[in-house]
Q: 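Let me give you the structure first, and then I'll get to my questions.
Atoms within a ligand are numbered from 1 in the order they appear, just like the ligands themselves. The chain is numbered in sequence order, starting from 1.
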Amino acid sequence: MSPEGTPGPPKLPGTMVYTYLGPEGTFTEAALLQVPGADEAVRIPSTSVTSALEMVRSGHANAAVVPIENSVEGGVSATLDAISIGQPLRILREILVPITFVLAVRPGIELDDVRRVSTHSHAWAQCRNWAEMNIPKAEYLPASSTAAAAVGLQDDSSGFDAAICSPLVASRLGLNVVARDIGDVSDAVTRFILISLPGLLPEPTGADKTTVVIPLPEDRPGALMEILDQFSTRGVNLSRIESRPTGAFLGDYFFSIDVDGHIFDARVADALKGLHRVSPELRFLGSYPRADHRRAHVLPHTSDPAFEAADQWLESLING
Ligand SMILES: O=C(O)C(=O)C[C@]1(C(=O)O)C=C[C@@H](O)C=C1
């Protein structure tokens with residue numbers, strides 16, 4: 001049985017089974033549909049990020065697509081936390097989706113009548129200023145996704161009269177849209193990851209990203225500096241760094257970090273070895289191609305040949 005209590009999907013030989021933060025019509029589904037072959041694969045919506053990852057961990061899905069970062073609101077805590085603990089997982093690729101929101105309402109409701117509006121917390125954070133200006137009397141009700149809020153609008157007992165969702169799901173459900181492009185930042189983008197159980201690493205492309213989770217060593221002055229030093233001395237550029245509480249006790253944090261480069265790049269591998277000495281419990285979450293194809297800027301003294309030359313030099317000293 002799947003975590004939702006429904007029978008697990010049939011594992012047809014050769015058929016990929018994907019799960020994603022559902023229901024149908026979420027931005028996460030749009031991200032999954034960018035994965036080559038996903039349109040012909042089995043696609044199972046999950047009700048939360050945690051249950052999507054559980055489908056993968058329990059073998060009911062080959063891989064999951066979940067949101068990880070938004071250009072306006074930052075990291076998606078539910079995902080950052082869920083991939084940092086429990087059975088290890090590996091990110092296989094990242095997917096970018098431009099985000100635009102609409103306000104859909106129940107039949108007969110006008111913009112001025114809206115008193116209760118529902119959507120995903122990340123979507124609400126991206127439309128908050130618009131909402132304050134245009135529906136100031138509306139109370140916010142959190143939903144598990146933008147599409148779940150849109151579906152709820154068709155249910156008399158859901159208790160809200162408006163939903164913030166994608167234009168696509170509003171038109172699929174035939175909802176009444178009273179305002180378009182309501183995001184506070186018009187060119188917002190959300191980054192999603194395709195994540196699976198550990199296996200073969202994606203090949204390096206020259207434009208790659210590596211994600212790690214590093215627990216901050218306890219009671220060690222300068223521990224964060226030591227961690228950052230491992231990257232800076234090897235010329236490894238950080239593209240995201242976030243601290244999250246471990247939940248164990250107050251003040252106990254881990255860092256979730258993305259860096260430019262692949263574990264097969266000598267400078268990244270060397271930095272990971274250094275990190276392992278500083279924080280042995282670090283978790284490698286994968287090396288995968290960047291969605292924007294932006295190549296890493298590698299300084300000559302941190303290139304693969306420079307590392308190779310240093311190894312050979314040391315060997316020559318040892319061997320005489
Ligand atoms: O609710 C959805 O449609 C989602 O796919 C989730 C999600 C998120 O978690 O950030 C994805 C993109 C938008 O930024 C808002 C919500």
Side-chain angles (χ1 to χ4, degrees), residues 18-35 38 43-56 61 63-84 91 93-104 117-131 140-155 158 160 162-173 175 177 179-195 211 240 242 244 256 258 291:
Y18 292 109
T19 185
Y20 63 96
L21 175 67
E24 279 179 30
T26 55
F27 290 105
T28 315
E29 189 199 20
L32 171 57
L33 289 170
Q34 284 189 36
V35 174
R43 299 187 302 277
I44 302 170
S46 286
T47 50
S48 67
V49 167
T50 323
S51 53
L53 298 180
E54 191 46 43
M55 290 269 289
V56 174
V65 173
V66 288
I68 190 164
E69 184 185 6
N70 172 262
S71 59
V72 179
E73 203 26 37
V76 179
S77 316
T79 301
L80 293 175
D81 294 350
I83 61 179
S84 302
I91 302 171
R93 62 184 289 155
E94 61 174 10
I95 306 138
L96 303 179
V97 176
I99 303 294
T100 45
F101 298 109
V102 298
L103 186 79
V117 57
S118 184
T119 193
H120 188 275
S121 57
H122 253 245
W124 179 243
Q126 293 174 70
C127 301
R128 208 178 276 138
N129 294 340
W130 180 90
Y140 166 61
L141 282 124
S144 57
S145 69
T146 55
V151 171
L153 217 47
Q154 296 179 312
D155 171 1
S158 64
F160 48 88
I164 294 175
C165 59
S166 73
L168 185 67
V169 79
S171 88
R172 265 198 213 164
L173 298 175
L175 299 176
V177 171
R180 292 187 180 273
D181 224 344
I182 64 170
D184 297 330
V185 175
S186 56
D187 48 4
V189 174
T190 297
R191 189 163 71 90
F192 297 83
I193 49 172
L194 177 70
I195 193 160
T211 301
R240 182 183 60 85
E242 274 168 278
R244 292 285 311 149
S256 173
D258 289 345

Q: Short N/O distance, under 3.5 Å, between Thr146 and ligand 1?
A: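 It does: an N or O of Thr146 is found under 3.5 Å from an N or O of ligand 1.
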Q: With backbone taken as N, CA, C and O and side chain as the heavy atoms from C-beta onward, which portion of Glu29 lies under 4.0 Å from ligand 1: side chain, backbone, both, or neither?
A: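 None of Glu29 does.
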Q: Is the closest heavy-atom distance from Glu73 to ligand 1 below 4.0 Å?
A: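 Contact check Glu73 vs ligand 1: negative.
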Q: Would the distance check show the side chain of Tyr18 and the main-chain N or O of Leu33 forming a donor-acceptor pair, the cut-off being under 3.5 Å?
A: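 No; judged by distance alone, with no hydrogens or angles, the pair does not exist.
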Q: Verify the neighbour count for atom CD of Gln154: are there more than 12 heavy atoms of other residues, nucleotides or ligands below 6.0 Å?
A: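 Atom CD in Gln154 is packed in, count exceeds 12.
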Q: Could you find the nearest protein heavy atom to atom 9 (O) of ligand 1 and give me its residue, atom name and distance?
A: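 Protein heavy atom with the smallest distance to atom 9 (O) of ligand 1: His120 CE1, 3.1 Å.
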Q: Within the 4.0 Å heavy-atom shell around His122, which atoms of ligand 1 are there?
A: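 It comes down to these atoms of ligand 1: 8 (C), 10 (O).
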Q: If I take atom CG from residue Leu53 and atom OG1 from residue Thr79, how far apart are they, to the nearest 0.5 angstrom?
A: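 Answer for the CG-OG1 pair, Leu53 versus Thr79, is 7.0 Å.
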Q: Which atoms from ligand 1 have a heavy atom of Asn70 less than 4.0 Å away?
A: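 Checking each atom against Asn70, I get 14 (O).
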Q: Could you pull out every donor-acceptor pair under 3.5 Å between side chains of residues 122-129 and any protein atom, sequence neighbours left out?
A:
from   : atom 1 : to     : atom 2 : distance (Å)
His122 : NE2    : Gly75  : O      : 3.4
Gln126 : OE1    : Asn70  : ND2    : 3.1
Gln126 : NE2    : His122 : O      : 3.0

Q: Specify the protein heavy atom at minimum distance from atom 11 (C) of ligand 1: its residue, its atom name, and the distance to 0.1 Å.
A: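 Of the protein heavy atoms, Phe192 CZ, 3.8 Å lies nearest.
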Q: How close does the nearest protein non-hydrogen atom get to atom 12 (C) of ligand 1, and which residue and atom is it?
A: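 Ranking protein heavy atoms by distance from atom 12 (C) of ligand 1, first comes Thr190 OG1, 3.5 Å.
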Q: Of Thr19, Val56, Leu21, which is the lone residue that meets side-chain contact (heavy atoms from CB on, under 4.5 Å) with Ser46?
A: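 Passing option: Thr19.
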Q: Determine yes or no for a side-chain-to-main-chain donor-acceptor pair under 3.5 angstrom, with Ser256 supplying the side chain and Glu242 the backbone.
A: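 No, because the side chain of Ser256 does not come within donor-acceptor range (under 3.5 Å) of the backbone of Glu242.
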Q: How about CZ on Arg180, more than 12 heavy atoms from neighbouring residues, nucleotides or ligands closer than 6.0 Å, or not?
A: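 It does not: Arg180 CZ has 12 such atoms or fewer within range.
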Q: What part of Pro67, side chain, backbone, both or neither, has a heavy atom within less than 4.0 angstrom of ligand 1?
A: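 Only the side chain of Pro67 comes within reach of ligand 1.
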Q: Backbone, side chain, both or neither: what part of Leu21 comes under 4.0 angstrom of ligand 1, heavy atoms only?
A: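 The side chain, only.
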Q: Got an N/O contact under 3.5 Å between Ser144 and ligand 1?
A: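 By distance alone, the answer is no.
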Q: So which heavy atom in the protein is nearest atom 4 (C) of ligand 1, and how far is it from that ligand atom?
A: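 In this structure, atom 4 (C) of ligand 1 has Thr28 OG1, 3.5 Å as its nearest protein heavy atom.
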Q: Are Phe27 and Thr190 close enough, and set up right, to give a side-chain contact (heavy atoms from CB on, under 4.5 Å), and what steps lead you there?
A: CA-CA 9 Å; Phe27 290 105; Thr190 297; 6.0 Å; no
Q: Quick test of your reading: applying salt bridge (Lys or Arg N to Asp or Glu O under 4.0 Å), list the pairs with at least one residue in residues 186-195, sequence neighbours left out, ordered by first then second residue.
A: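 Salt bridge (Lys or Arg N to Asp or Glu O under 4.0 Å) check on residues 186-195 returns Glu69-Arg191, Glu94-Arg191, Arg191-Asp258.
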Q: At under 4.0 Å between heavy atoms, is it the side chain or the backbone of Thr26 that contacts ligand 1, or both, or neither?
A: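 Looking at Thr26 and ligand 1, atoms from backbone and side chain both fall under 4.0 Å.
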